[in-house]
Amino acid sequence: MSQKKVLFVGLGNYTHPNTRHNAGMMILDHLASRLQLSWTPHKPWKGHIAQTKILLPFDRNKDTEYTEVELTLLKPRLLMNVSGPSVAKAARDLAIPATNIYVFQDDLQRDLGKTSLKASGSANGHNGIKSVIQHLRADAFWRVRLGVGRPESREVDDVSDFVLAPFSPVEIRALESKTYPILDIGSGLGLETLLLRNQLWCEPKQKKQKSSKKKVAVEKDGVENKGKQASTEATTGSAATTA
């Protein structure tokens, strides 16, 4: 059995709960609830944490090779734009490499409910990610981008008002049905897929039922052809008799 340590970070502004800027923290709240974990303050990391051990995959089979994951969830108590020190301190104390860190962030470039996974690179304009890169002194950590939509206006004040506004009840339901499943617990579901494959879980596409119209049309053609054939044979037979 192999072992590894993993750090999940939910970015946001703890002073503005349930807002679009807090999507990262909200999805970790969902996961903690599913794992029946409680959040506790942790002053050295300037945040709230929850910790557990998970044996993956969830499907129990004697022939399966398991991985024991020591999972730490972190919600920095710092403001979004300066959350880097919290993440860096946690990573150092836990001796977790950047490649085992997953940072959940809000993403204005994607519609609500859309998600994406990025392994490294620039912050793409996200100040929280910029702070994490700066203090980790590395960019090779995973970013889980959670789409929250974007206002029509691109003015700075309008964008700021948009991300700091709370989700509507309809939007919350959209998060629950489209976003949160990427961390659902169960065999082959979100959490397992992310931790074992470094991929985001996608709902399987339903197979389209083959239309029976084509079959009906073919059968109809067959009937018509048989009818024509029978008519031709009858005509031929009649002509032969006459002759």
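The chain is numbered in sequence order, starting from 1.
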Requested in this report: Evaluate side-chain contact (heavy atoms from CB on, under 4.5 Å) for D59 paired with E192, printing each intermediate quantity in order.
Outcome: CA-CA 10 Å; D59 188 17; E192 183 179 293; 5.8 Å; no
Would you check if [X] and [Y] make a side-chain contact, meaning some heavy-atom pair closer than 4.5 Å?
{"X": "N127", "Y": "V82", "value": "no"}
{"X": "E203", "Y": "W201", "value": "yes"}
{"X": "E65", "Y": "M1", "value": "no"}
{"X": "L7", "Y": "L74", "value": "yes"}
{"X": "M80", "Y": "D106", "value": "yes"}
{"X": "R145", "Y": "K118", "value": "yes"}
{"X": "P57", "Y": "T64", "value": "yes"}
{"X": "P97", "Y": "N100", "value": "yes"}

Requested in this report: Step through the shown structure and confirm whether more than 12 heavy atoms of other residues, nucleotides or ligands are within 6.0 Å of CG on D157.
Outcome: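 Incorrect, the count does not exceed 12.
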Requested in this report: Mark yes when over 12 heavy atoms from residues, nucleotides or ligands other than K89 sit less than 6.0 Å from its NZ; otherwise mark no.
Outcome: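 Counting other residues, nucleotides and ligands, NZ of K89 exceeds 12 neighbours.
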Query - Donor-acceptor side-chain pairing of Q51 and T72 below 3.5 angstrom - result: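 Yes, T72 and Q51 have a side-chain donor paired with an acceptor closer than 3.5 Å.
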Query - Donor-acceptor pair between T115 and R110 side chains, under 3.5 angstrom - result: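 Checked: T115/R110 side chains show no N/O donor-acceptor pair below 3.5 Å.
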Requested in this report: Show your working on salt bridge (Lys or Arg N to Asp or Glu O under 4.0 Å) between R154 and D158 and close with a plain yes or no.
Outcome: CA-CA 7 Å; R154 298 299 176 94; D158 292 333; over 6 Å; no
Testing the basics here: between [X] and [Y], what is the closest heavy-atom pair and its distance to 0.1 Å?
{"X": "G149", "Y": "L108", "value": "O-CD2, 3.2 Å"}
{"X": "T67", "Y": "S2", "value": "OG1-OG, 3.0 Å"}
{"X": "L28", "Y": "G10", "value": "CD1-N, 3.2 Å"}
{"X": "L73", "Y": "A32", "value": "CD1-CB, 4.1 Å"}
{"X": "A123", "Y": "I133", "value": "N-CD1, 4.1 Å"}
{"X": "G188", "Y": "T193", "value": "O-OG1, 3.5 Å"}

Report task. Flag this pair as yes if the NZ/CZ of R20 is under 6.0 angstrom from the six-membered ring centre of F162 and inside a 45 degree cone about the axis; otherwise no. Result ->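 Checked: cation-pi criterion met.
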Starting from [Y], can I reach [X] by hopping between I/L/V/M/F/W/Y residues whose side chains sit under 4.5 Å apart?
{"X": "L37", "Y": "M26", "value": "yes"}
{"X": "V9", "Y": "V6", "value": "no"}
{"X": "W39", "Y": "L183", "value": "yes"}
{"X": "L79", "Y": "L164", "value": "no"}
{"X": "L31", "Y": "L175", "value": "yes"}

Query raised in the report: Is the distance between the ring centroids of F8 and F104 under 6.0 Å?
Result: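 Yes; F104 has its ring centre under 6.0 Å from that of F8.
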To the nearest 0.5 angstrom, please state how far the [atom1] atom of [X] sits from the [atom2] atom of [Y].
{"X": "H135", "Y": "R92", "atom1": "NE2", "atom2": "CZ", "result": "10.0 Å"}
{"X": "Q3", "Y": "E68", "atom1": "CD", "atom2": "CD", "result": "4.5 Å"}
{"X": "I54", "Y": "L35", "atom1": "CD1", "atom2": "CG", "result": "5.0 Å"}
{"X": "S116", "Y": "L200", "atom1": "OG", "atom2": "CG", "result": "7.0 Å"}
{"X": "K178", "Y": "E171", "atom1": "NZ", "atom2": "CD", "result": "11.0 Å"}
{"X": "L194", "Y": "L189", "atom1": "CG", "atom2": "CG", "result": "12.5 Å"}

[X] side chain to [Y] backbone, donor-acceptor under 3.5 Å:
{"X": "H126", "Y": "G128", "answer": "yes"}
{"X": "D107", "Y": "Q109", "answer": "yes"}
{"X": "K46", "Y": "P85", "answer": "no"}
{"X": "W142", "Y": "L117", "answer": "no"}

Report task. Measure the acute angle between the ring planes of Y180 and H30, then classify it against the limits of 30° and 60° as parallel, tilted or perpendicular. Result ->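 It falls in the parallel class, under 30°.
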Report task. Would you sort out whether I129 and R143 count as a side-chain contact (heavy atoms from CB on, under 4.5 Å), showing the intermediate values? Result -> CA-CA 8 Å; I129 297 295; R143 304 97 193 272; 3.8 Å; yes
Report task. Would you please test N61 and Y66 for side chain to side chain donor-acceptor pair (under 3.5 Å) and show each step? Result -> CA-CA 9 Å; N61 187 314; Y66 291 104; over 6 Å; no
Query raised in the report: Is any NZ, NE, NH1 or NH2 atom of the basic residue among K114 and D111 found under 4.0 Å from an Asp or Glu carboxylate oxygen of the other?
Result: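 Salt bridge: no.
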**Report entry** Pair K75 + D29, salt bridge at N-O below 4.0 Å
**Finding:**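 Yes.
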Requested in this report: Run the numbers on F167 and T19 for side-chain contact (heavy atoms from CB on, under 4.5 Å), then give the verdict.
Outcome: CA-CA 6 Å; F167 285 109; T19 61; 6.0 Å; no
Query raised in the report: Are V103 and L11 close enough, and set up right, to give a side-chain contact (heavy atoms from CB on, under 4.5 Å), and what steps lead you there?
Result: CA-CA 7 Å; V103 180; L11 293 185; 3.5 Å; yes
Requested in this report: Evaluate the side chain to side chain donor-acceptor pair (under 3.5 Å) criterion for residues S83 and S131: first the C-alpha distance (whole Å), next the side-chain angles of each, then the deciding distance (0.1 Å), finally the verdict.
Outcome: CA-CA 6 Å; S83 52; S131 180; 4.7 Å; no
